[in-house]
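Letters go in sequence order (proteins before strands), and every chain restarts at 1.
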Protein chains: 2
Amino acid sequence: MTRKSNGDIGNRSTIRDVAARAGVSASTVSRVLAGDYPVSTATRTRVMRAVRELDYVADARAKAIAGVGTPTLAFVLDDITGPSFAHMAHGVEREATRLGHLCLVCSTDGDTEQELEFIETMRAQRAAAVILVGGTADTAEYRARMSRIADSLASAGSRLVLCGRPPLDPGTPVTVIEYDNESGAYALCAHLLAQGHRRVLFLGGKPENTTAQGRERGYLAAHRARGIEPDPELRLAGDFTRDSGHRRIRQALAQSLEFTAVMASTDMVAAGALTALHEAGLSVPDDVSLVGYDDIAFARDLHPPLTTVHVPYEELGRLAVRTALGRTPDAPNEHLLLGTHVVVRDSVAAVPGQLVPDASARVSSQAPTGGLT
Amino acid sequence: MTRKSNGDIGNRSTIRDVAARAGVSASTVSRVLAGDYPVSTATRTRVMRAVRELDYVADARAKAIAGVGTPTLAFVLDDITGPSFAHMAHGVEREATRLGHLCLVCSTDGDTEQELEFIETMRAQRAAAVILVGGTADTAEYRARMSRIADSLASAGSRLVLCGRPPLDPGTPVTVIEYDNESGAYALCAHLLAQGHRRVLFLGGKPENTTAQGRERGYLAAHRARGIEPDPELRLAGDFTRDSGHRRIRQALAQSLEFTAVMASTDMVAAGALTALHEAGLSVPDDVSLVGYDDIAFARDLHPPLTTVHVPYEELGRLAVRTALGRTPDAPNEHLLLGTHVVVRDSVAAVPGQLVPDASARVSSQAPTGGLT
DNA sequence: ACACTTGTAGCAACCGGTTCCCAAACCGGA
DNA sequence: TCCGGTTTGGGAACCGGTTGCTACAAGTGT
């Protein structure tokens with residue numbers, strides 16, 4: 001059996017096979033396919049016919065190594081199953097293919113070890129950019145690790161992009177794109193407070209998660225801006241899942257915690273909370289008001305439609321690849337902060353038996369932030 | 001400026017750079033890194049130090065072309081934003097990385113042209129398998145195109161996998177994995193009928209979409225099994241989106257179509273339908289019953305929790321890559337059909353003022369299908 | 001002391017492309 | 001008919017790795 005038997009199925013043909021069949025050299029085939037470079041019509045025709053007959057496609061890896069490949073871009077996230085992540089992924093993917101890039105995705109399921117491994121793999125793939133998504137613990141160890149990764153990626157000609165993650169030291173070659181969790185939560189909580197609520201239950205995230213922290217800061221700040229110090233008992237940590245929201249409300253009810261409103265740090269947990277409330281025979285918003293965060297598509301299908309803050313996830317994804325691909329890989333640290341705004345639906349009412357101080361309180365406060373830092 | 005200046009940032013180092021720094025040949029570096037092949041401890045140490053100092057990672061593309069790369073697997077879908085697609089994507093991605101494969105994703109947004117283009121790109125990437133997801137029009141043209149693609153992929157050593165798409169002619173080198181839309185819909189509709197409903201509004205999909213067709217067949221068959229011929233006016237075509245569900249219910253209500261239950265061909269459209277029903281002041285299930293299809297996570301957060309049929313999307317994704325990677329690329333046609341089952345929640349009630357013929361009608365009918373064909 | 005095995009490392013060919021550089025063929029004009 | 005310029009196409013080096021084969025050195029047995 002010769003080395004290049006073509007009888008077998010599964011033998012992709014090489015450029016040399018095409019060349020042989022067309023009776024020309026490999027260089028000529030390459031040039032015909034590239035389209036630049038003058039080739040006589042007769043030759044071109046013969047080559048094209050051979051290409052068609054052999055169903056030839058040039059090996060993208062070989063082209064890449066020769067410097068003319070389709071660039072690739074990597075997207076690393078926790079779990080594509082979360083609606084907000086899915087929208088970001090969609091934005092990333094659309095923008096990447098619009099810009100002629102391929103798009104590799106990896107889910108880490110929250111495993112830092114795997115994250116590291118993926119990044120290394122992406123460096124080996126010579127990805128043009130690596131986009132990391134989702135809040136994490138903002139420890140010194142984290143910053144050190146990320147800085148190292150950023151440098152390492154930059155020296156390999158690739159750019160690190162952090163989405164919804166805490167920024168690194170200035171000077172680190174990294175692009176950070178965040179949405180402003182704190183002011184979104186601030187506006188949202190202010191909305192609740194304006195309706196007279198004074199005991200609003202906060203369903204937070206994991207204490208070390210920076211997204212959760214930002215939203216909690218907003219919750220706190222809104223209270224303090226009114227001179228209220230919220231009861232620490234009203235702040236319940238947990239996961240960003242519907243089950244966690246469900247469970248926490250059940251427990252709060254069981255230990256008869258008092259509250260007139262609940263602020264969930266995610267629409268997902270709001271959804272869980274809502275069904276728990278319903279199961280307890282409580283009416284939203286008549287008995288208790290409820291707000292979420294993220295404005296996922298389903299927020300308006302909940303009953304009642306959920307008041308929440310809109311985060312432009314898809315745009316975030318697009319922006320991430322656009323800026324990542326626009327810069328030189330070793331550009332200095334840059335930091336974009338996207339604004340959010342609360343969208344008012346029907347899940348909030350004034351607290352029963354209390355006068356609303358200012359019924360026309362401006363409510364859809366376009367967050368005061370946004371733009372470049 | 002020499003060709004290999006290393007002063008610049010962004011100059012990834014090659015294996016030769018490492019070799020030079022360690023004072024050995026490139027082959028030795030390669031062998032140290034590969035781990036097989038005996039190398040003296042002293043040499044290994046020097047090489048490893050050079051690798052570390054240079055932060056060297058071998059170019060995955062170059063390895064791939066030399067035949068020792070990380071295999072890749074491509075996943076092409078309409079829109080990752082749909083919850084069921086997201087779960088499939090997750091399954092695919094997890095299984096792929098478990099099996100040591102990279103995972104490329106592309107969204108086509110329903111554009112056939114783009115789909116074709118992506119597939120060609122994936123062939124160029126020498127993807128081990130290309131997984132195509134989501135129902136489409138089952139035209140002769142479609143089958144011809146897919147067959148051609150399957151052959152083309154097979155001859156390039158890659159395997160085509162169709163998920164939730166109509167099977168191709170036997171003999172075509174393709175793997176088809178479907179969930180049984182018809183019997184799921186049948187069981188679901190039978191459930192409605194058993195509660196005494198006789199006019200159930202069917203919110204279908206696009207008429208040419210095979211998923212939509214299957215579910216509609218189930219709807220029809222369930223009726224006919226009871227000797228009922230459903231009013232054609234009760235079958236409304238549309239998109240698989242919440243907006244479409246919302247719009248169709250509003251219109252049906254506006255033209256005072258009579259129905260006691262609605263069967264949405266997707267949980268998404270059920271969600272839209274539900275809010276439209278609520279907006280019209282109708283109670284579910286007291287005034288009208290509602291069922292969906294897919295059992296997305298949010299189905300149980302709707303109010304009332306939605307009765308629907310569970311489709312094992314994540315498992316589908318895992319299975320797709322497992323079988324794709326398990327077979328030789330030119331294995332003959334194989335066809336897997338996954339069973340579904342209806343999950344009963346609170347969105348269905350007996351039709352008001354009518355006796356339920358058989359209240360204990362078995363309802364969670366594990367679909368009679370499943371397994372290999 | 002010699003032959004033979006064993007352990008290490010390098011040369012060079014190869015993977016499948018691209019592209020620089022040069023030569024042959026062809027063209028029209030003098 | 002001869003010449004110079006223009007097409008046109010091939011040879012070979014290169015991209016960044018891997019690996020078969022070979023050569024040199026050290027170790028072992030007698």
Whole-Å distance separating the [atom1] atom of [X] from the [atom2] atom of [N]:
| X | N | atom1 | atom2 | result |
| --- | --- | --- | --- | --- |
| B:Asp59 | D:dG17 | CG | P | 6 Å |
| A:Tyr37 | D:dT7 | OH | P | 12 Å |
| A:Leu33 | C:dT19 | CG | C1' | 15 Å |
| B:Arg16 | D:dG17 | CZ | P | 7 Å |
| B:Arg61 | D:dG16 | CZ | C1' | 9 Å |
| A:Asp17 | C:dG16 | CG | P | 9 Å |
| A:Leu54 | C:dG16 | CG | C1' | 15 Å |
| A:Lys63 | C:dC15 | NZ | C1' | 16 Å |

Inset, instruction - With heavy atoms under 4.0 Å as the rule, sort B:Arg44 into base, sugar-phosphate or nothing. - result: nothing
Inset, instruction - For DNA chain D, find the residues of residues 22-31 of chain B with a heavy-atom distance under 4.0 Å and give them by number; none if there aren't any. - result: B:Ser27, B:Ser30, B:Arg31
Of the options [options], whose atoms approach the side-chain atoms of [X] most closely?
| X | options | result |
| --- | --- | --- |
| B:Tyr56 | D:dT8, D:dG16, D:dG17 | D:dG17 |
| A:Val68 | C:dG17, D:dT8, C:dT19 | C:dT19 |
| A:Ala62 | D:dG17, C:dT8, C:dG16 | C:dG16 |

Inset, instruction - Answer yes or no: is there an ion pair linking A:Arg165 with A:Asp138, defined by an N-O contact shorter than 4.0 Å? - result: no
Legend entry - Main-chain N/O of B:Ala144 paired with B:Ser147 side-chain donor or acceptor, under 3.5 Å: no
Inset, instruction - Taking only the side-chain nitrogens and oxygens of B:Arg46, find out if one of them lies under 4.0 Å from OP1 or OP2 of C:dT8. - result: no
Inset, instruction - Show the numbers, then the answer: is there a side-chain contact (heavy atoms from CB on, under 4.5 Å) between A:Val76 and A:Val133? - result: CA-CA 6 Å; A:Val76 182; A:Val133 164; over 6 Å; no
Inset, instruction - Using a cut-off of 6.0 Å, state whether more than 12 heavy atoms not belonging to A:Glu113 lie near its atom CD. - result: no
Legend entry - Under 3.5 Å side-chain donor-acceptor pair for A:Ser107 and B:Glu93: yes
Inset, instruction - Consider only side-chain N and O atoms of B:Ser27 and B:Ser30, and report whether a donor and an acceptor are under 3.5 Å apart. - result: no
Legend entry - Those residues that, when tested against B:Phe85, pass ring pair (Phe, Tyr, Trp, His ring centres under 6.0 Å) (two or more places apart): none
